[in-house]
Amino acid sequence: MTQGSLISFDAETQSFHLHNDEISYVPGIEDGGVLAHLYFGRRIKKYHGQLKSPRIDRGFSGNLPGSFDRTFSLDAILREYSYEGDGDFRSPALVIRQADGSRSTFFKFQDYSISDGKPGLTGLPATYVLDNSEAQTLTINLVDDVSDLTLAMNYTIYRNRPVVTRSVKIINYGQQTVNIEKIASMMIDLPAGEKDVISLPGGHLNERNINREPITFGTKTFQSRRGTTSHHMNNFIAITNRDTDEFQGEALGLSLAYSGNHKEEVSKDPYGSYRISVGINDDQFDWEIASQDSFQAPEVIMTYSHAGLNGMSHALHDLLQQRMVRSKYKNSPRPILVNNWEATFMDFDEARLLPIVDEAKALGIEMFVLDDGWFGHRDDDMTSLGDWQVLDKKFPQGLQHFADYIHERDLKFGIWLEPEMISIDSKLYQNHPEYMLRVPNRIAIPSRNQYVLDIGRPEVRENIHGQIKALLDTTDIDYVKWDMNRSLADIYANDLSDERQGEVMHRYVLGLYQLLEDLTTEYPDILWEGCSGGGGRIDAGFMYYMPQSWASDNADAVARMKIQYGTSLGYPTSSFTSHVSETPNQQTGRDTSLQTRGAVAMSSVFGNELDLTQMTPVEKQAVKAQVDQYKDIRQLVQYGRYSRLIDPNKGNRGAWMFVSDDKNEALVFSFKLLSDGQPENEILKLVDLDPNKTYENVVSGDEFGGDELMNAGIYEPNVFEDFSAIIYHFKAK
Ligand code: DGJ
């Protein structure tokens with residue numbers, strides 16, 4: 001593609017055209033200065049203006065203020081954004097409470113600007129460019145004359161990606177203070193047709209199930225009200241045509257770069273159009289903007305694919321991996337770790353851990369991670385959160401002594417922290433009970449016997465920042481697992497007036513981002529891993545600070561293959577971690593082979609939670625073989641192109657594969673859940689290969705054409721056991 005402009009404005013059709021080789025996105029200015037949605041999809045050369053909304057008299061739909069043209073109703077056209085009280089009775093994207101208590105606004109087009117590159121969002125995570133030629137940004141300013149509010153609608157289109165990002169900012173140029181009651185980061189109305197929505201609901205130990213349903217009349221809401229992204233509903237959704245599958249058809253992926261309360265609304269209106277909006281949840285949200293002040297809403301990433309859900313995921317994976325992650329580990333091999341959590345829980349001391357370190361070294365593992373229980377006087381989950389000093393009883397010679405032991409064996413040393421939390425039984429609570437989120441005169445709600453720090457307050461952040469800094473400055477630590485093990489309740493901040501308590505949850509997220517920004521900038525050599533009781537905070541925004549996150553506390557191979565399949569819809573395999581743990585599994589009681597547990601764990605960033613000291617020599621040999629195998633395939637798994645082949649949620653089999661950029665290497669992971677007496681002769685077809693290359697199965701030596709593997713496929717061998725796994729490794733000759 002040439003380095004030409006990616007955004008143009010056509011004065012004749014009053015439309016903007018954001019385009020690259022793959023996609024076109026067309027917002028336009030309709031009657032009354034209303035910003036309308038005209039088109040988003042496959043690249044068109046030019047928009048000629050024919051998609052201006054049809055003029056039809058729609059009963060009970062209002063018309064433009066002061067206009068008696070009954071054929072133009074905001075209620076019935078496709079829009080880019082909508083406001084309470086503007087005559088559009090569908091769910092609004094923006095609700096502002098004016099100083100007089102009214103909630104009406106009417107934002108009209110004022111002007112626009114186009115710039116090269118992509119500006120960052122102050123205090124918020126956002127995708128970025130390395131070079132200004134990579135993208136262009138359109139800002140359309142809309143104004144509500146009465147209140148003198150400006151709404152800046154920002155659109156960035158990347159040159160070489162089927163991606164548009166959107167965000168909005170409100171600037172109060174008026175004299176009065178106003179309050180935002182709702183602000184979506186993105187809204188879009190799509191034309192009639194049969195559409196589905198895919199969401200990723202779940203729970204602790206059961207994250208990111210794939211939930212697909214038709215969008216029917218009425219409004220459906222997906223949301224988190226828990227203060228964090230949550231296990232219960234991820235902030236990613238996809239909108240597809242009814243016939244879209246993994247390999248073909250249109251899919252629109254929407255990912256909110258935000259780690260707090262979120263809301264995704266989808267609805268079908270009386271005229272068959274669809275309204276989709278994504279943003280901060282308006283529930284418990286009320287944000288004051290004084291005169292001359294502004295509010296920036298988080299970013300939404302929009303990807304368009306006409307090559308099915310895999311096409312959508314490829315675009316998201318690459319964007320998040322290359323232009324959201326900033327860590328120095330962004331493209332480097334992530335170390336294979338052993339974590340002591342499932343092996344010892346909090347029942348350990350240095351003497352108990354040293355043999356695990358020795359075994360890890362012998363098996364080729366590259367990092368030891370010390371999990372929960374090393375600090376304060378923590379032997380159980382009743383105590384010590386907030387006191388980030390080593391527990392002498394467990395490490396009598398100090399933490400650095402343990403770190404030295406690990407480093408002397410040429411392993412890296414990682415440590416677990418849960419910085420946003422406080423235990424009542426802690427020095428921090430004794431000294432600063434006011435640091436805790438708590439509603440006055442009410443008994444606070446415990447969860448896992450712990451409470452939440454009001455990280456939105458600067459002095460709370462400073463305290464935690466100081467403690468973590470003291471730890472990192474006095475101990476050689478290569479990796480931090482940043483955990484967060486409860487949802488936010490007791491929403492009240494001591495440093496805010498009564499009228500501003502609706503700001504607490506967003507301030508919490510902004511405070512967290514500030515803390516993460518400070519620490520990850522001060523300690524860039526540390527590999528930071530996110531965690532929230534497993535995968536409760538996997539979202540695009542968190543990746544800005546931490547390149548990887550623990551996918552789930554459920555490491556059962558069968559449950560985990562489904563969790564990882566769902567997670568892959570919106571997130572690259574380099575961004576979530578997966579470990580082999582003991583069998584029968586602690587969460588499900590299911591027995592699965594080491595081979596199958598290994599195959600699932602080796603499908604993303606690989607590690608181990610086994611008690612390596614309790615294994616037989618044969619088991620150790622098998623673990624070592626997996627570690628060696630992962631080193632061999634690590635680059636391809638972490639940075640190759642991942643495609644889903646068979647959904648394990650839908651039947652007895654599951655499969656996915658990775659292909660290198662040059663298409664010279666491919667890895668296929670295939671799983672069968674229950675064994676059959678008379679199995680079908682099952683054929684597995686691959687994707688994404690070079691049809692003209694010849695590939696060799698590196699184990700069997702069999703040769704296949706790329707076209708053959710994709711079109712004819714291969715017979716799956718019949719394995720006489722439940723929960724079996726096969727890894728095929730192909731190399732081009
Ligand atoms: C939840 C995490 O997901 C686990 O891996 C472990 O770190 C525990 N917290 C420790 O409390």
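Numbering starts at 1 and runs along the sequence shown. One-based numbering, in listed order, for ligands and for the atoms of each.
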For ligand 1, note which part of [X] has a heavy atom under 4.0 Å away: side chain, backbone, both or neither.
X      : value
Asn339 : neither
Lys481 : side chain
Glu609 : neither

Nearest-contact summary for [atom] - protein heavy atom, Å:
atom                    : value
atom 6 (C) of ligand 1  : Asp371 OD1, 3.3 Å
atom 11 (O) of ligand 1 : Asp372 OD2, 2.7 Å
atom 9 (N) of ligand 1  : Asp483 OD2, 2.6 Å
atom 3 (O) of ligand 1  : Asp553 OD1, 2.4 Å

Against Asp539, only a single residue in Asn234, Asn235, Thr229 fulfils side chain to side chain donor-acceptor pair (under 3.5 Å); can you say which?
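The single option meeting the side chain to side chain donor-acceptor pair (under 3.5 Å) with Asp539 is Thr229.
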Closer than 4.0 Å to some heavy atom of [X] - which atoms of ligand 1 meet that?
X      : value
Gly534 : 3 (O)
Trp550 : 3 (O), 5 (O)
Gly533 : 1 (C), 3 (O)
Arg448 : 10 (C), 11 (O)

So, Asp387 side chain and Gln389 main chain: donor-acceptor pair closer than 3.5 Å or not?
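A pair under 3.5 Å: no.
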Hey, would you say the [X] and [Y] ring centroids sit under 6.0 Å apart?
X      : Y      : answer
Phe542 : Trp482 : no
His407 : Phe402 : no
Phe413 : Tyr405 : no

For Glu420, the option from Arg537, Arg486, Arg461 that meets salt bridge (Lys or Arg N to Asp or Glu O under 4.0 Å):
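Only one of Arg537, Arg486, Arg461 forms a salt bridge (Lys or Arg N to Asp or Glu O under 4.0 Å) with Glu420, namely Arg537.
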Value rounded to 0.5 Å, distance of OH in Tyr508 from CD1 in Ile455:
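Taking OH in Tyr508 and CD1 in Ile455, the distance rounds to 6.0 Å.
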Would you check if there is a donor-acceptor pair between the side chains of Ser578 and Gln564 at a distance under 3.5 Å?
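Present: a donor and an acceptor within the cut-off.
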Please report whether ligand 1 has a polar contact with Cys531, defined as an N or O pair separated by less than 3.5 Å (distance criterion only).
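There is no such contact.
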